[in-house]
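These numbers come from a predicted model, not from an experiment. Proteins get letters first, then strands, A, B, ... in listed order; numbering begins at 1 in each.
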Protein chains: 2
Amino acid sequence: MAASLPPDTKPEVDAIVETIIYLYTESRRLTKGLAAQFGLTGPQLTVIKLLQELGDLSLSSLSERIRAQNSTVTGIIDRMEREGLVKRERSTTDRRVVYIRLSEKGQKLAREIQVEPMEIFRSALTDLSQSDLEHLLRVLTKLQKRVVSHVEGRVSEAQGAPRAGEEEDKP
Amino acid sequence: MAASLPPDTKPEVDAIVETIIYLYTESRRLTKGLAAQFGLTGPQLTVIKLLQELGDLSLSSLSERIRAQNSTVTGIIDRMEREGLVKRERSTTDRRVVYIRLSEKGQKLAREIQVEPMEIFRSALTDLSQSDLEHLLRVLTKLQKRVVSHVEGRVSEAQGAPRAGEEEDKP
DNA sequence: CACGGATGTTTCGTGTACGAAATATTCGCG
DNA sequence: CGCGAATATTTCGTACACGAAACATCCGTG
């Protein structure tokens, strides 16, 4: 594990983590409830709106978009195909690739549904002032950069090299 | 319904939602990897550290703490009990209640593990300046308030934000 | 004391979610 | 041309995660 940092944990950190978890899980739960009104699950709603917006997508680009593994998306598409919401179409140029396409029923449903995934979170955000929004995005982006560098710097898990260049920042 | 999206969508909103999703899911994934080094899953790591910190907990207070349903926690505890990490102890005063207690093995493991759940996210946060932390928490708390009021079914004196969807739930 | 409702936990069915291995196909390079 | 590496998808096994229903126990009121 990364060199354990001194336990001078600031009180805000716990609260922030708690709040992020709350916002994420609760928004997800509410989205799920909304999706259920159309006979869909949360991920299915996400897929339908994504395909409506972007058109046909290969399974792997779809999974990249929704940040899930291919194997997970295979299952989601299986069930959606079973419900007649999407169709699988083998690419003619590269027969390894499968494109996912909304069926008529899927397109109809997509038009009926006016909400985006994580809608509650989005609508809460739009109520913030512009400066709050900008500041929030700026700080979150900083955080993301640090996490990204952590992810990419951790490719080799060869224990015993605690010099993981922890300070990265650019002008 | 030609216009699928309301025009009031600010560009920052999408980016913020994306980033929050990234931070949450990626931190979760990394925590999972850390837990795996001890032969645990992510939720199991959370439970062990929680029990170490707070002592025995009933199943329902445990599920409240980790924001999961009782039925979910039942499964987690089942598997942890199977691994000999925790024990179930029926309360003597109220025999409906089950207390979850760390076994010797569980306590030993808890002491070995130095990381908190969502550790990567936490450590990225502690690197922020104090003013960034405070501002972040302030804005997130605002957001949480709005989501909470949504959850509780009342948009009390909001700034005239129209509701996107109608859900019915008990008061 | 009894009974009906409230509370705590488990069971059940379905749907994610992941990683590793299997399968299918394409491509690079000699 | 051919073969092994690379890429795309599926299969498999396990672990969440949720809601509804079943089950167990407690409690208040008559």
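Residue pairs meeting the side chain to side chain donor-acceptor pair (under 3.5 Å) criterion with at least one partner in residues 102-111 of chain B, sequence neighbours excluded, are B:K108-B:E112.
To the nearest angstrom, P of C:dG19 lies 6 Å from CZ of B:R29. Protein atom CD1 of A:I21 is 16 Å distant from nucleotide atom C1' of D:dA17, rounded to whole Å. Here the P atom of nucleotide D:dT10 and the CD1 atom of A:I77 are 9 Å apart, to the nearest Å. Atom P of nucleotide D:dT14 and atom CG of B:L40 are separated by 18 Å, given to the nearest angstrom. In this entry the distance linking CG of A:D94 with P of D:dT7 reads 12 Å, nearest Å. Remark: P of D:dA17 and CD of B:E64 are 17 Å apart, rounded to the nearest angstrom. With rounding to whole Å, A:L45 atom CG is found 11 Å from C:dT16 atom P.
Phosphate proximity of D:dG19 to B:Q69: present, with a side-chain N or O under 4.0 Å from OP1 or OP2. Note on A:R95: every side-chain N or O is 4.0 Å or more away from OP1 and OP2 of D:dA8. Remark: A:R28 is in phosphate contact with C:dA17, judged by side-chain N or O atoms under 4.0 Å from OP1 or OP2.
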**OP:** Applying side chain to side chain donor-acceptor pair (under 3.5 Å), run through A:N70 and A:S63 and close with a yes or a no.
**Re:** CA-CA 6 Å; A:N70 287 341; A:S63 35; 2.5 Å; yes
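Ring geometry for B:Y24 against A:Y24 counts as parallel: the plane angle stays under 30°, on a 0 to 90° scale with 60° as the upper cut.
A distance-only check finds no donor-acceptor pair linking the side chain of A:R101 to the backbone of A:V86 [under 3.5 Å].
B:D56 and B:K87 are not joined by a salt bridge, as no carboxylate oxygen comes within less than 4.0 angstrom of a charged side-chain nitrogen.
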Original post:
With the sugar-phosphate defined as primed atoms, P, OP1 and OP2, and the base as all remaining atoms, what B/S/- string results for nucleotides 9-14 of chain C, 5' to 3', for protein heavy atoms under 4.0 Å?
Top reply: BBB---
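Residues that satisfy the side-chain hydrogen bond (donor to acceptor under 3.5 Å, both in side chains) test with A:R67, not counting sequence neighbours, are absent from this structure.
Two residues, B:T41 and B:T93, neighbour DNA chain D, and the one matched to the more 5' nucleotide by heavy-atom proximity is B:T41.
What you find for A:A35 and A:T41 is that their closest heavy atoms are CB-O, 3.5 Å.
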